[in-house]
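Nothing here was measured: the structure is a model prediction, and the numbers come from that model. Below, chains carry the letters A, B, ... as their sequence lines are ordered, and counting in each starts from 1.
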There are 2 protein chains.
Amino acid sequence: MGRWQPDSQGRLEQAALALYSERGFENTTVAEIAAHAGLTERTFFRHFADKREVLFWGAPMLEGLMVSAVEAAPASAAPIDAVAAALEATGPLLEERRDSARQRQRIIDANADLRERELVKLASLAGALAGALRRRGVGEPAATLTAEAGIAVFRVAFARWVSDPKSRDLPQLIRDSLGELQAVTARR
Amino acid sequence: MGRWQPDSQGRLEQAALALYSERGFENTTVAEIAAHAGLTERTFFRHFADKREVLFWGAPMLEGLMVSAVEAAPASAAPIDAVAAALEATGPLLEERRDSARQRQRIIDANADLRERELVKLASLAGALAGALRRRGVGEPAATLTAEAGIAVFRVAFARWVSDPKSRDLPQLIRDSLGELQAVTARR
DNA sequence: AGGCTGATGGCAGTCACTGACATGGCGGGC
DNA sequence: GCCCGCCATGTCAGTGACTGCCATCAGCCT
């Protein structure tokens, strides 16, 4: 038997989610999270850069998924369609974790600091998408604008998917939202 | 003569800008800012909610300006055109303060926490624009998508305006960026 | 004159986060 | 089979952002 219990990071994450849900993010101290995981405060900060980051553990994976999807899109695809494919590519991953996504979103929505951090992650996603587009030869500011518009579509679709318990699946909501964006930005 | 020097808030702001510029946001303590303004740390927090907020003092004014412009747009204007008018309406205000806008942006760009707060302010702008659109009868998700797309356009245009010392004026950059967005999101 | 107000000071406390150093199983090399 | 270095964790002291509470006191109002 090892000197330490296994999966410290996972235990910290579980403890944090439970406490944030029960008493709210602000009313939970890092020391409490660590104690519930059988660890110390100092160890928490070795696994997570700060108290908020526990909730955004999966962001880099999502980012990688989207970037791969842009890269996998046929060279003939228009930038906006490559981005649409990237957004839809997150469908299976998220559908599979719909319940935990919903719990996580409740926690985030209840606290301004967490909403702030969420914006950073979405901005990072937009930056990664824009970079992937530039690697396809898309220039600036087209790459940034396409990526930002895509993230706006994703936000709208994701919000609906999370809030409505019997909404359609995420890729369909993404396609719908993209259609709305195109209708709304169309030149007359 | 009053018991206190006048314009505490202004003195705090000036001291903060100077110190953030000289030694960076992270290497400046609130106590130092307060001391430079001839006040105490406690008073700083009576004027600004937190250490970052000093730099985002003008955001509510910008928000009000944009909302008024949406309200002033003719009822016949399409949502995207009302938003475009709102973005362009910030031109005079910002052109007038181009130098301080540039200094402020250098400070923000140099620090992750400040970039994070900037995202909050932009999201707040988007929310206010979306609300103004809904009051014009625009439904959801069209209102949110139009507002978010507009803010993306503003970000791109503002970044160019700030970074390029001899760029065209802001309203023109906004019109150009909007044109690019429309080109990039157009249905084939 | 007396009392009220509003901006500020002073102070103690909490908590997020950091750096430096100690500890001790475990796995690898010999 | 023993030693040694690694590495995850513990321990501790410190800094700095932010808050609540109460004191102060010039100016204003009555």
Rounded to whole Å, the CG-P distance (Asp7(B) to dG6(C)) equals 19 Å
N/O donor-acceptor pair, side chain Arg3(B) with base dT24(D), under 3.5 angstrom: yes
Separation of dC26(C) atom P from Gln5(A) atom CD, nearest Å, is 12 Å
Side-chain N or O of His47(A) versus OP1/OP2 of dA8(D): is the shortest distance under 4.0 Å?
no
Q.
Hydrophobic clusters here meaning ILVMFWY residues chained together by side-chain heavy-atom distances under 4.5 Å, can you tell me if Leu133(A) and Leu145(A) are in one?
A. no
Whichever of Thr28(B) and Ser8(A) has the more 5' nearest nucleotide on DNA chain D, that residue is Ser8(A)
Whole-Å distance, Asp50(B) CG to dC18(D) C1', equals 9 Å
Rounded to whole Å, CH2 of Trp4(B) lies from C1' of dG9(C) at a distance of 7 Å
**Message:** Is there a continuous path of hydrophobic side-chain contacts, each under 4.5 Å between heavy atoms, that joins Phe25(A) to Leu19(A)?
**Reply:** yes
Answer yes or no: does a side-chain N or O of Thr43(B) lie under 4.0 Å from OP1 or OP2 of dT8(C)?
no
Any donor-acceptor pair, under 3.5 Å, between the side chain of Arg42(A) and the base of dG19(C), if you only look at N and O atoms? yes
Walking DNA chain C from its 5' end, the first of Val30(A) and Arg46(A) to be reached, judged by nearest nucleotide, is Val30(A)
Parallel, tilted or perpendicular: which describes the rings of Phe158(A) and Phe154(A), with under 30° parallel and over 60° perpendicular? parallel
Glu41(B) CD to dT19(D) C1', in whole Å, measures 11 Å
Here the gap from Glu180(B) atom CD to Thr185(B) atom OG1, rounded to the nearest 0.5 Å, amounts to 11.5 Å
To the nearest angstrom, the CG-C1' distance between Leu39(A) and dT23(C) comes to 16 Å
Notebook entry, point to check: Is there a side-chain polar atom (N or O) of Thr40(A) under 4.0 Å from OP1 or OP2 of dG10(D)?
Noted result: yes
Taken to the nearest whole Å, CZ/Phe48(A) to P/dT18(C) is 14 Å
Between Thr29(A) and Gly38(B), whichever has its closest DNA chain C nucleotide further toward 5' is Gly38(B)
Inset, instruction - Say whether Gln172(A) and Arg175(A), considering side chains only, have a donor N or O and an acceptor N or O under 3.5 Å apart. - result: yes
From CZ of Phe45(B) across to C1' of dG16(D) the rounded distance in Å is 9 Å
